[in-house]
Amino acid sequence: MNKQSSYLFRLTLVCVSLAAACIFLVHRAGAQNPAGPASLASAEKTVDQVHKNIQVLKGVPESQLIPVMNYMGASLGVRCNYCHVNKDGNWDFASDEKGEKKSAREMITMVTGINKTTFKGNPEVSCYTCHRGRTSVAHTLSQPVPTPEPRPAPGQNQQSREGLPTSDQILDKYYQALGGASALDNLKSRFMKGTVTTATGTELGYEVTQSGPDLILASITIPQSGIVERAFNGTVGWEKTAAGTREMAPEEITYFKRYPNLYADLKLKGQFSRLSVSGKQKLDGRDVYVLRGANVDGRREQLFFDVESGLLVRRITSSTTLVGIIPEQIDFSDYREVDGMKLPFTIRVSAIDQNYSLLRKFTEIKLNPTVDPKRFNKPG
């Protein structure tokens, strides 16, 4: 496989495996263990243990490094070469040659200091607070000055929540819309086939086979390179290309398991430490109930359910990092009947990094196919 094809595969496959949960972190939420063994998180190294010349991001988990870099780049509207040295296509990330890198360190120190002293360590202030997608900061108001929104009348918020169902009632209706709790309990394996379209418009074919919460086998067809496989058998992750087979590092498994869990967006109960109804909104012209809360790892979540059908149509997860809160949005649509269940055949992932913003369209889904566990083991 050439370098370009390998790069395209790695950027795409991390997001095409299946239903979503949080972007960028190891998932341990819920009794169903939606994203793999907690041992992966406990064994994860920090960025300063892996990379050279780390000065202000010491202690940050390795799995957060690329998301944090992408977040800062998106906040300023720049790419990696704004701060990092690239000579003749070769990156020297440890180099301090560019003054922008020194400025970035100063800004990170300033932001973390403000959050520590003013907001008790919560990342309420970030790069985006001032930069808003530009390298320069706006120092004056633009004209015309926007009209402030009127304050709600006393008791208005309370009145708007009257008559709304509880979060448990909304989740119960969702389970019924999917096919019932018994159908969810009987779901043991799944095969999915379709295409994934990247932010640049490249369409790739892929297939995913799942068994339980941990066993995953994904294959993706890359133009001019053929089929590449990646899998995780609950213990070992591996990748097979035309160049051979290798084991994946723990951080690679973390990214690979971002969306593959069989139950992450189906069995929602048990994934949250708190969950409440925030109100009713309009989404694409339809009424939706909005649930807000935090999952058992403390990440903030918003869940949007169609009032009429009861189906989940959007999920927003926000991950807290040293430099800010990083959101990821997943939209679910084109629900169809599959063996007594209703499942989305179109899933759109929107992330700050366009490499992870993907549109997945399934053409075939099979529930509970017979799956040989040996298929997930590393080839001899």
Name all residues meeting the salt bridge (charged side-chain N to carboxylate O under 4.0 Å, His left out) criterion together with [X]; count only those two or more places apart in sequence or in a different chain, and write none if there are none.
X      : result
Arg314 : Asp331
Lys361 : none
Glu308 : Arg286
Asp172 : Lys269

Got a sec, which residues hit side chain to side chain donor-acceptor pair (under 3.5 Å) with [X], two or more places apart in sequence or on another chain?
X      : value
Asn377 : Asn233
Arg134 : none
Gln49  : Thr46
Glu203 : none

Say whether, by atom type as modelled, one donor and one acceptor occur between the side chain of [X] and the main chain of [Y] under 3.5 angstrom.
X      : Y      : result
Lys366 : Lys193 : no
Asn53  : Ala94  : yes
Asn295 : Gln271 : no
Gln64  : Pro61  : no
Tyr263 : Leu187 : yes
Trp91  : Asn81  : no
Asp92  : Lys87  : no
Ser357 : Ala351 : yes
Asp306 : Leu311 : no

So, taking the atom named [atom1] in [X] and the one named [atom2] in [Y], what distance separates them when rounded to the nearest 0.5 Å?
X      : Y      : atom1 : atom2 : answer
Ser333 : Leu312 : OG    : CG    : 11.0 Å
Phe119 : Ile114 : CZ    : CD1   : 8.0 Å
Met107 : Cys130 : CE    : SG    : 9.5 Å
Lys120 : Thr118 : NZ    : OG1   : 11.5 Å
Thr198 : Leu358 : OG1   : CG    : 7.0 Å
Ile54  : Lys52  : CD1   : NZ    : 12.0 Å

Among Glu239, Glu207, Lys240, which residue satisfies the side chain to side chain contact (heavy atoms under 4.5 Å, CB included) criterion with Glu229?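 Of all the options given, the one that passes is Lys240.
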
Does the side chain of Phe345 reach to within under 4.5 Å of the side chain of Thr363, using non-hydrogen atoms?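 Of all side-chain heavy-atom pairs linking Thr363 with Phe345, none is under 4.5 Å.
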
Side chains of Leu359 and Thr346 in contact at under 4.5 Å (non-hydrogen atoms): yes

Restricting to non-hydrogen atoms, name the atom on Tyr128 and the atom on Gly133 that form the minimum distance, rounded to 0.1 Å. CE1-N, 3.9 Å

Hey, what else clusters with [X] if you join Ile, Leu, Val, Met, Phe, Trp, Tyr whenever side-chain heavy atoms sit under 4.5 Å?
X      : value
Val236 : none
Val85  : none
Ile316 : Leu283, Val288, Val290, Phe304, Val313
Val137 : none

Can we say Glu328 and Arg299 salt-bridge, meaning some charged N sits less than 4.0 Å from an Asp/Glu carboxylate O? no

